[in-house]
Amino acid sequence: MTVYFSEDHEWINVEGNTGTVGITDYAQNALGDIVFVELPGSGEEFAKGDEVAVVESVKAASEIYSPVSGEITAVNEELEDNASLVNTSPDGDGWFFKINIADESELEELMNASDYKAFIAGLE
Amino acid sequence: MRYLPLSTEDRAQMLDTIGVKSINDLFVDVPKHALLDDLVDLPLHMTEMEVERNFAVFAARNVPANSVPFFVGAGAYHHHVPSAVDYQIQRGEFLTAYTPYQPEISQGTLQTLYEFQTQVAQLTGMDVANASMYDGSTACGEAALMARRVTKKKKIVISGNLHPQYIEVVKNAIKHTDDEIILNDPVVNKKEDILSKVDEETSCVIVQYPDFFGNINDYSDLAATLHEQKSLLVVVTTEVVSLGAIKSPGEMGADIVVGEGQSIGNGLNFGGPYVGLFATRQQYVRQLPGRLCGETVDADGKRGYVLTLSTREQHIRREKATSNICTNAGLCTLAFTIHMTLLGEKGLRQLAKINHAGAVKLAGMLKSVDGLEILNNTFFNEFTVRLNKNAADVVEALVEQDVIAGLPVSRMYPDNPELANDLIIAVTETVSEDDMYVLVSELKEVLK
Amino acid sequence: MMNNQGRPTGVENTDTSNQKYESFTGSRGLSQVEGLIYEIGDTNRTGVDLPEVDDFENCLGGMERDQEIGLAGLTEPEAMRHYTRLSRKNYAIDLGLYPLGSCTMKHNPRLNEKMARLPGLGNIHPLQPVSTVQGALDLIDTLAHWLKTLTGMPAVAMSPKAGAHGELCGLMAIRAALEAKGDARSIVLAPESAHGTNPATAALCGYKVKPIPATKDGRVDLEAMKEALGPDVAAIMVTNPNTCGLFEREIIEIAEAVHAVGGYFYCDGANFNAIVGKVRPGDLGVDAMHINLHKTFSTPHGGGGPGAGPVVLSEALAPFAPLPYVIAGEESFELVEHEVKGGQSFGRMTAFHGQMGMFIRALAYMMSHGADGLAKVAEDSVLNANYVLASLKDVMSASYKGPCMHEALFDDRFLKDTGVSTLDFAKAMIDEGYHPMTMYFPLVVHGAMLIEPTESESKQSVDQFIGMMRHLVEKAKAGEKERFTGAPHNAPLKRLDETAAARKPVLRWTPPGADEEAAE
């Protein structure tokens, strides 16, 4: 089990061939109170960098881009009723979707935890 | 100039504070040759009395609906509006307020919008309604676009008995998408075949209820078929008073209901401003176009209202917004809400009954006119008759007798000879029995 | 006998805190709590007397509405009180300066309202015979003449129902003109500072939007724009004066550059008030521009509409204007509702003929001012805005050096380290009895505050506003953070929880217990 991070502030937790994707604590903080998450449908396929979900706060909507290519295998239905999970537990219960990773080499382009930490430190 | 408070002295002092010599120093960024040296070629300012005189001249060359026996409907209806409505909408606090972006000092507008949304949802038999659209026709165009967003399908089937100008508006609204329109021909008095036009690719079917020619059709079966294949039923109502008498579109299984709300609270105004109604099911809320008002609480826990779900809208989503619309029909929704509140369920049902009774009565009287056939089996306050002469000519002949007899269908379908003799006649509570006698006797004369 | 009991008239012993005693009703003096019509009224109450109807055989075809609708009614006195009470919870132009930038909240003359209610104008049907509405068509034609003359443009489409609808009309005309040449193109350029409707409209017309950066002085970056231009650019949409309150100095170069690649120049006329009677967009190379009658020409905003957005068009675009339109014939006015043979109209944007009620009001306003008064409108609006800019720039951070046009843009640099945000500052203005300015727009500066006083304000009124703003700035800088972060303290309600509203939308009243029923 390894967690990778993208420059768009998504994390992907890889177990075997499946990645669980969410947004980072830094991202949820920047977005403020999340009111709605528009999730993809199970079975839909996305290429790396495709717009896969939308996170809405009261005054902003932000696109979430798929960190890897693959097919959606599950989405977090809890978020439909309780989008605030993204705020309270961005790296746990606030996950977005699971994706069947099509090309593992794409993971190499992502950051590990310490690289990401350095990356956000550079943004401030 | 009565609307400009600054005096010559004020202006001089202010220029001094700013640190420039003349007003045109503030226009330095305008390319030199584009700044006009002279006034534009238009009349100079006028007193109130002079303006009133000008408008009296415009007004004198029109025949208002209250001045003659009047039978035109077809999407706009001459109803009586209680005096309290116009008084309230002219209160400065309503009339001269902006969009309620600062909810703490806009609760008046917001609470009335919340009442409006509730009334529209109840009338249409739907779960939720938005805070209104420009008018019924543009609401209809938005419904077609919304059906596409919901179903991700691209085929729109339109009833031939939808108001012809609404059809044109829908065509225009989807013009730059890859949607396709399947349009039926108008059928005044036969059953329209819609089902055979529907297939799995259909995003929605748009029907009117009562339809353009006045017929009342039950679309329950159509709704059931559409739902089986995940397509939507869009029901359009241009005479909202009818919903005080006939089953709601929601009861029939409609997914989106749009309508023209002018009949309640709003005058004829030669076509605008009117108020577009837009209602749908709860599950499609986030696909709604236009503004929405929602309930919440303030920092002290007191109930209040705010504009909500605004991430759907253009000022946030920009090119990805559900629509480019940024206004609603604010003051017209207020007029609608106050009139509807004055009516209440009891009043609306009685108003609807009077309208229907009037139409039934006139239809009965018209049976005595030779050369005239009533085409409808069912109707609310409007029906279509076929004359033995060109309907537009008959209407013109009756104008000479100070009667405005209805809408000749040919005005909408100038190239369809089959409809040339058809006339749509509307009867509201403003039509007296005397008006009906005048119409009948004049028609007898002309159709002789 | 003399009444020597008297009663106290002084205030020496009065406790002025309004928080100390909770009232029984929840109301506080003239600030009255008011429930929904559904809580006050019921389905049996009505405020209208309608005649009884004798029994008759209906023709509804078995489609009677049997179920209860649930509409609450009120008698007239109850309804009057309900809506009057609600009205008093609104800010309005009639109550004070309304400095919303880019919204042009000017005085709404009541003469306009009176004219719109003449039966001969307000009570005519859009589909009654054309021979019976000659005065109405004349009025539309007259207004069209005024709009064309003021803008120096040869044609105008009258039917669009609001500004955004007008934008759509303009872009559709552009697209139709390009398609007529067999060259639809795919890109529309719009500056970063553009109003959100611009990209939304372009998307509705099937165009991709390419943003153009702004220069340091708040204007379109001409060089960047030229680089973005190409054979696939259908149009550029530029607001002028722009949303930073500045006149685009290089407007003519912008027009020439887009024309040089065969594209069109769409001008967003939202801010026409600053130049009406002084500058004609037609002289700047504009191909299409909508005019918000509810801004420049004083038709009331009415709590969010109705608006009206006629679009003036150049020779090149005029043939593609939407239906319907009015033609002044030799003896009478004609209303063209269907495409004429060989015509190129792009179609119909709305049923009927546009916002007649707004046309009447706008024309009454224009005639009242005349050519001379309208030029003064522009001058006074620009003067008031520059006076605000000059009087506040030493304590607030002006985003750009003046002169500005009809609105002055500030950002939140002056609030640095105060712990007060633009939003807090705005809410504190409410406590001072003002509606806040436009905030967080345009997006090109941080924490934007866009102030548009309009020409309707007297010097006294603008001075008072300036005094109030300086006072608040002083308090913010003096560390009185709570004054701001807890504001408004004196409005009918405290700050509202918009997050809760968006997370669990409650968009209508439902009868008590309805939720439980539904769950069963």
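Note that the coordinates shown come from a computational prediction; the quantities given were computed from them, not determined experimentally. In what follows, chains are A, B, ... by sequence order, proteins preceding strands, each numbered from 1.
Contacts of Ile252(C) with chain B are made by side-chain atoms alone, with heavy-atom separations under 4.5 Å and no backbone atom involved. Interface remark: Pro51(C) contributes backbone and side-chain atoms alike to the contact with chain B (heavy atom separation under 4.5 Å). For Ile354(B), the parts sitting under 4.5 Å from any heavy atom of chain C are the backbone and the side chain alike. Heavy atoms of Val30(B) lying under 4.5 Å from chain C belong to its backbone as well as its side chain. For chain C, the nearby parts of Leu35(B) are the backbone and the side chain; heavy atoms of each come within less than 4.5 Å. Only the side chain of Pro82(B) comes within less than 4.5 Å of a heavy atom in chain C; its backbone stays farther off. For Ala72(C), the part lying under 4.5 angstrom from a heavy atom of chain B is the backbone only. Residue Glu337(C) touches chain B through its side chain alone, counting heavy-atom pairs closer than 4.5 Å. When heavy atoms are compared at a cutoff of 4.5 Å, Pro488(C) approaches chain B solely by way of its side chain, counted from C-beta outward. Residue Glu50(B): no heavy atom, backbone or side chain, is found under 4.5 Å from chain C. With a threshold of 4.5 angstrom between heavy atoms, Leu243(B) approaches chain C through its backbone and through its side chain. Using a 4.5 Å cut-off between heavy atoms, Ser106(B) touches chain C through backbone and side chain atoms alike. Contact annotation for Tyr98(B): both backbone and side-chain heavy atoms come within less than 4.5 Å of a heavy atom of chain C. Contacts of His369(C) with chain B are made by both backbone and side-chain atoms, with heavy-atom separations under 4.5 Å. At a 4.5 Å heavy-atom cutoff, the contact between Ile37(C) and chain B is made by backbone and side-chain atoms alike. Interface remark: Lys171(B) contributes no atoms to any contact with chain C (heavy atom separation under 4.5 Å). At a 4.5 Å heavy-atom cutoff, the contact between Leu284(C) and chain B is made by side-chain atoms alone. For Ile404(B), the part sitting under 4.5 Å from any heavy atom of chain C is the side chain, from C-beta outward, and nothing else. Looking at Gln90(B), both its backbone and its side chain come within 4.5 Å of chain C, counting heavy atoms on both sides. For Ile89(B), the part sitting under 4.5 Å from any heavy atom of chain C is the side chain, from C-beta outward, and nothing else.
Side-chain contact between His82(C) and Glu115(B) is present, with at least one heavy-atom pair separated by less than 4.5 Å.
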**Message:** Checking Leu496(C) against Gln107(B) for the side-chain contact (heavy atoms from CB on, under 4.5 Å) test, could you report, in this order, the C-alpha distance in whole Å, the side-chain angles of both residues, the deciding distance, and whether it holds?
**Reply:** CA-CA 11 Å; Leu496(C) 287 129; Gln107(B) 286 298 304; 3.7 Å; yes

**Request:** Show your reasoning for whether side-chain contact (heavy atoms from CB on, under 4.5 Å) applies to Phe27(B) and Lys278(C).
**Result:** CA-CA 9 Å; Phe27(B) 287 83; Lys278(C) 300 276 293 179; 4.0 Å; yes

**Request:** Please assess Arg11(B) against Tyr387(C) for the test side-chain contact (heavy atoms from CB on, under 4.5 Å), listing each intermediate value before the final yes or no.
**Result:** CA-CA 10 Å; Arg11(B) 291 181 181 118; Tyr387(C) 185 64; over 6 Å; no

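Rounding to the nearest 0.5 Å gives a distance of 3.5 Å between CD of Glu52(B) and NZ of Lys114(C). We find the CG-CE distance between Leu374(C) and Met1(B) to be 8.5 Å, quoted to the nearest 0.5 Å. Rounded to the nearest 0.5 angstrom, Leu331(B) CG and His301(C) NE2 are separated by 12.0 Å. The CG atom of Leu15(B) sits 9.5 Å away from the CD atom of Glu379(C) when rounded to the nearest 0.5 Å. Between the CE atom of Met172(C) and the CG atom of Asn172(B) there is a distance of 4.0 Å, given to the nearest 0.5 Å. Residue Phe270(B) holds its CZ atom at 10.0 Å from CG of Leu139(C), rounded to the nearest 0.5 Å.
Within the 3.5 Å criterion, the main-chain N or O of Asp372(C) finds no donor-acceptor partner in the side chain of His45(B). At distances below 3.5 Å, at least one donor-acceptor pair connects side-chain atoms of Ser137(B) with backbone N or O atoms of Ala351(C). The closest donor-acceptor contact from the side chain of Ser87(C) to the backbone of Glu93(B) lies at 3.5 Å or more, if one exists at all. A donor-acceptor pair is defined here as one N or O able to donate and one able to accept, closer than 3.5 Å; such a pair exists between the side chain of Glu345(B) and the backbone of Ile69(C). Using modelled atom types, one side-chain atom of His125(C) and one backbone atom of Ala76(B) make a donor-acceptor pair closer than 3.5 Å. Checking side-chain atoms of Gln88(B) against main-chain N and O of Met80(C) turns up a donor-acceptor pair under 3.5 Å. For Gln122(B) (side chain) and Gly70(C) (main-chain N/O), a donor-acceptor pair under 3.5 Å exists by modelled atom type.
Shortest non-hydrogen contact noted between Gly272(B) and Lys161(C) is CA-NZ, 4.2 Å.
Of the N and O atoms on the side chains of Gln128(C) and His78(B), not one donor lies less than 3.5 Å from an acceptor on the other residue. Using modelled atom types and a 3.5 Å distance limit, the side chains of Tyr98(C) and Thr96(B) yield no donor-acceptor pair.
With salt bridges taken as basic N to acidic carboxylate O contacts below 4.0 Å, none links Asp127(B) and Arg508(C).
Of the listed residues (Leu343(B), Val128(B), Leu268(B), Asn377(B)), the one with the most heavy-atom contacts under 4.5 Å to chain C is Leu268(B). The most heavy-atom pairs under 4.5 Å with chain C, out of Leu351(B), Leu39(B), Val57(B), Val28(B), come from Leu39(B). Chain C forms the most heavy-atom pairs under 4.5 Å with one residue out of Asp25(B), Val20(B), Asn62(B), and that residue is Asn62(B). Of all the listed residues (Ile18(B), Ile216(B), Val40(B)), the one sharing the greatest number of non-hydrogen pairs under 4.5 Å with chain C is Ile18(B).
Judged by a 6.0 Å distance limit and a 45° cone about the ring axis, Lys175(B) is not positioned over the six-membered ring of Phe346(C).
Exactly one residue among Val279(C), Ile275(C), Asp283(C) makes a side chain to side chain contact (heavy atoms under 4.5 Å, CB included) with Leu36(B). That residue is Asp283(C).
Classified by interplanar angle (parallel below 30°, tilted 30° to 60°, perpendicular above 60°), the ring pair Phe352(C)/His163(B) is perpendicular.
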